[in-house]
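For reference, the structure discussed in these notes is given below.
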Amino acid sequence: MDIQSTIILFCIGASAAGIFYAAFLSLWVMRLDSGTDRMREIQQAISEGAQAYMRRQFKAISWVGLVLFILLWAAGTVSEHFGLLTAIGFLLGGVSSAISGYIGMVVSVNANAKVAQTARQGLGPALHVAFRGGAVTGLLLISLGLLAVSGFYAIGVSVAGKEQVIPALLSLGLGGSLISLFARVGGGIYTKAADVGADLVGKVEAGIPEDDPRNPAVIADNVGDNVGDCAGMAADLFETYVVTTVATMALAHILFPGSPSAMLFPLVLGAAAVLMNIIGIGFVRHSPGAEIMPTLYKGLFATCILSAIAFYPVTTWMMTGVGDTTPINYYLCALIGLLVTLLLVFVTDYYTSKSYDPVKRIAKASVTGHGTNVIAGIAVSLQSTALPVLVISFAMLGSFSLAGLFGVAIAAEAMLTVAGIIVAIDAFGPITDNAGGIAEMAEMGDDVRAVTDPLDAVGNTTKAVTKGYAIGSAGLAAVVLFSEYARSVSTSGTEMIFALADTTVLVGLFIGGMLPYLFASFLMNAVGEAAGSIVEEVRRQFRDIPGIMERTARPEYGTCVDIVTVAALKKMMIPSLIPVLAPLIVAAVLGPKALGGLLIGSIITGLFIAISMTSGGGAWDNAKKYIEAGNYGGKKSPAHQAAVTGDTVGDPYKDTAGPAVNPMIKVINLVAVLIGILFFG
């Protein structure tokens with residue numbers, strides 16, 4: 001057996017280990033007690049709503065996917081680099097992304113009531129269940145991603161050769177990105193339309209608690225947490241993982257054509273990291289009296305340290321004699337990627353946690369009214385972009401100085417290798433959020449809410465942290481993809497120059513810079529309109545169904561679920577097509593130089609918008625929870641009412657528009673790369 005076959009088998013074996021451990025954790029969670037009949041009934045309603053939405057979303061996406069599948073297949077008549085293999089890669093990427101999100105969502109939904117029931121035993125057991133439920137999603141994401149890329153690469157090389165498999169791998173990334181985009185857009189509209197609508201009528205007008213069973217939108221709100229935060233985030237980071245891996249492999253093929261080990265190096269890094277993620281998950285154990293966030297971070301630190309150790313022998317084995325630098329330089333690039341991960345986690349934690357000044361500033365501003373809360377929140381959201389962008393910039397400079405553009409790609413790849421533990425921490429958030437909702441709806445008592453509420457508050461921060469991580473890694477990945485585009489449009493070995501003095505390039509920059517703003521505006525408006533429909537429906541039920549407030553009549557939960565489902569599916573199509581159509585139109589009308597400018601413009605403004613929205617929205621949310629903990633008058637105080645308004649603005653910021661910009665950037669870049677190969681290469 002040759003060395004390449006050995007490497008592929010190692011990658012497939014590591015993928016299998018991750019999938020089997022995810023299955024073990026899933027069975028462990030499923031066997032736990034779901035509590036009383038009322039708790040099971042609520043959990044079943046959430047599960048049915050989530051699965052119904054996912055089925056309808058996949059059906060809607062499948063038509064777009066079918067058209068692109070046919071186009072990629074038909075493109076074989078124009079270019080020898082395209083054809084059936086490229087179309088199959090696109091299909092595999094989309095299906096794998098959908099599976100990772102769907103299974104993770106199913107496990108998360110089933111973990112909700114189990115966490116609420118386990119909360120009767122205390123904070124530690126409940127945290128353990130919630131984290132293990134989230135770990136299923138994280139492990140499936142990196143394991144399926146590695147399996148899809150390594151397996152498809154092996155088959156593609158044997159069938160068509162390395163030259164033909166590169167476009168097919170990039171097409172695989174496009175399939176994952178497209179599913180991620182739709183999942184982020186549709187799921188984001190769903191979850192925040194339900195959340196905002198429920199808050200505006202329930203908390204503000206009716207004065208009832210969050211997750212109160214008298215609120216007709218409460219089930220839709222809980223469904224949204226799963227289809228948006230669980231399935232959406234899993235699909236998002238799956239495609240980031242896959243896209244970064246295939247882009248790094250493609251770059252290695254171009255830069256080191258005589259070194260197959262360089263092309264397989266990203267796969268080996270990923271395989272080693274899958275095993276380290278499995279070990280790192282075991283470090284998350286709560287000690288009596290310990291705080292929640294440090295408990296979760298133990299797993300992250302352990303995974304990063306173990307990965308740093310494992311990367312050294314892998315790098316010296318695979319990269320000795322590759323390029324004009326030493327293996328230690330490539331290894332240092334991988335360490336930079338791990339360091340960037342930790343720094344982005346800390347920075348996002350600072351701007352979104354209740355423990356630090358930014359959130360406390362917003363809470364304090366709430367005392368003087370709704371307007372000052374919104375002003376303070378916008379200020380924090382704008383300020384939160386500075387440190388992450390500086391971290392990413394210095395990471396690019398450092399890794400490029402060590403190993404050129406391939407060093408930047410390795411840093412991005414190393415960041416994504418710890419995606420398993422990051423997503424486990426992220427999925428912890430919606431699980432604990434739903435657990436608190438079930439505890440409230442099932443009237444489990446203050447002792448249970450005393451456990452689920454602090455878990456939920458930390459979950460808000462973990463979700464924000466993961467989005468910061470996802471956006472940062474997407475920024476590095478997009479830079480690598482741009483370099484792929486630049487090389488794809490080069491002719492006769494001369495790389496195309498995108499000069500700022502060229503008006504065509506500047507026009508592309510302006511158009512690309514505009515696209516994330518236009519894209520985000522569609523999503524914000526979609527949430528506002530859908531939330532307005534929920535507000536009207538909740539008001540109607542309060543008005544027309546006597547006894548809801550007295551608990552003698554049951555709200556029509558299903559009506560609200562149907563409203564947000566239809567709204568999300570209807571309103572996700574136009575914004576989701578923007579990153580697909582924009583590069584096609586610009587390439588056709590203005591040419592390859594303008595398209596290159598468009599890519600850079602979208603990366604720069606997209607990075608700032610995404611960070612600003614996700615961190616600002618998380619800060620608004622936790623400022624509300626900081627007041628609800630008894631500060632500045634506590635619940636139902638004027639400060640709390642102002643904080644609810646800020647949270648209402650921040651919800652579509654952090655859970656709809658901001659996170660969706662991440663896959664949007666990569667879809668634009670991938671479409672551009674494929675256009676470059678097809679028409680300009």
Side-chain angles (χ1 to χ4, degrees), residues 28-46 108-134 198-199 202-203 206-215 218-219 221-222 225-226 284-296 353-355 427-463 549 551 621-622 624-637 640 643-644:
W28 182 85
V29 171
M30 295 294 188
R31 288 172 179 168
L32 296 175
D33 183 14
S34 295
T36 64
D37 291 340
R38 174 61 177 156
M39 293 169 66
R40 291 191 181 94
E41 179 186 350
I42 296 167
Q43 182 188 54
Q44 184 64 25
I46 296 171
S108 296
V109 167
N110 281 278
N112 300 335
K114 302 177 191 301
V115 171
Q117 177 67 11
T118 310
R120 297 183 187 276
Q121 304 172 26
L123 182 65
L127 185 153
H128 192 51
V129 175
F131 177 76
R132 282 198 155 196
D199 282 354
K203 285 185 177 181
I208 58 179
E210 186 173 3
D211 299 316
D212 192 298
R214 292 171 292 180
N215 192 328
V218 69
I219 295 295
D221 185 10
N222 283 278
D225 290 332
N226 295 285
V284 179
R285 296 190 177 276
H286 184 262
S287 303
E291 295 185 7
I292 300 169
M293 189 65 85
T295 299
L296 297 174
S353 172
K354 294 191 301 180
S355 303
F428 168 90
I431 290 174
T432 56
D433 190 353
N434 273 199
I438 290 173
E440 179 74 30
M441 287 183 278
E443 300 178 348
M444 295 181 68
D446 293 339
D447 58 327
V448 172
R449 289 309 301 255
V451 172
T452 58
D453 282 354
L455 290 174
D456 181 22
V458 169
N460 283 326
T461 302
T462 63
K463 289 187 289 185
M549 298 305 293
R551 303 180 189 269
D621 194 346
N622 272 341
K624 178 196 67 176
K625 293 195 179 305
Y626 182 77
I627 293 173
E628 288 176 343
N631 299 289
Y632 300 116
K635 292 182 179 180
K636 298 185 180 181
S637 66
H640 182 240
V644 170

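As the structure is a computational prediction, the values presented were derived from the model and not from experiment.
For the atom pair CD1 of Ile292 and CG of Leu455, the computed distance is 4.5 Å after rounding to the nearest 0.5 Å. We find the CZ-OG1 distance between Phe428 and Thr295 to be 9.0 Å, quoted to the nearest 0.5 Å. Separation of atoms CG (Asp453) and OG1 (Thr432) is listed at 10.0 Å; rounding is to 0.5 Å. A distance of 10.5 Å separates CG of Asn110 from CD1 of Ile46, quoted to the nearest 0.5 Å. Atom CZ of Arg551 and atom CD of Glu443 lie 5.0 Å apart (nearest 0.5 Å). One distance of note links CG of Leu32 with NE2 of His128; it measures 9.0 Å at 0.5 Å rounding.
Between Arg40 and Gly35, the closest heavy-atom pair is NH1-O, 2.8 Å. Considering every non-hydrogen atom in both Gly122 and Val451, the closest pair reads O-CG1, 3.9 Å. Nearest approach of Thr452 to Ala439, heavy atoms of both residues: OG1-CB, 4.5 Å. In terms of heavy-atom proximity, Ile438 sits nearest to Ala113 at CD1-N, 3.6 Å. For the pair Val644 and Lys624, the tightest heavy-atom approach, listed with the atom from each and the gap, is CG2-CD, 4.3 Å. Residue Gln117 comes nearest to Ser34 through the heavy atom pair CB-C, 4.4 Å, listed as atom of the first residue, atom of the second, then distance.
Side chain of Glu440 to backbone of Pro213: no donor-acceptor contact under 3.5 angstrom is found. Under a 3.5 Å cut-off, the side chain of His640 and the backbone N or O of Lys636 do form a donor-acceptor pair. Between the side chain of Asn112 and the backbone N or O of Val109, at least one donor-acceptor pair lies under 3.5 Å.
Looking only at side-chain heavy atoms (C-beta outward), Asn222 and Met441 come within less than 4.5 Å of each other. Residues Met444 and Arg120 are in side-chain contact: their nearest non-hydrogen atoms beyond the backbone lie under 4.5 Å apart. Annotation: side chain of Val129 is not in contact with side chain of Arg132 (no heavy-atom distance under 4.5 Å).
Counting heavy-atom neighbours within 6.0 Å of Glu291 CD, excluding the residue itself, gives a total of 12 or less.
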Worksheet item: For Ser353 and Met293, what are the C-alpha separation, side-chain angles and deciding distance, and is it a side-chain contact (heavy atoms from CB on, under 4.5 Å)?
Response: CA-CA 10 Å; Ser353 172; Met293 189 65 85; 5.9 Å; no
Item to complete: Might you work through the side-chain contact (heavy atoms from CB on, under 4.5 Å) test for Leu296 and Val284, ending with a clear yes or no?
Response: CA-CA 6 Å; Leu296 297 174; Val284 179; 4.1 Å; yes
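By the 30° and 60° cut-offs, the orientation of the rings of Tyr632 relative to Tyr626 is tilted.
Pro125 meets the side-chain contact (heavy atoms from CB on, under 4.5 Å) test with Thr118, Gln121; sequence neighbours excluded.
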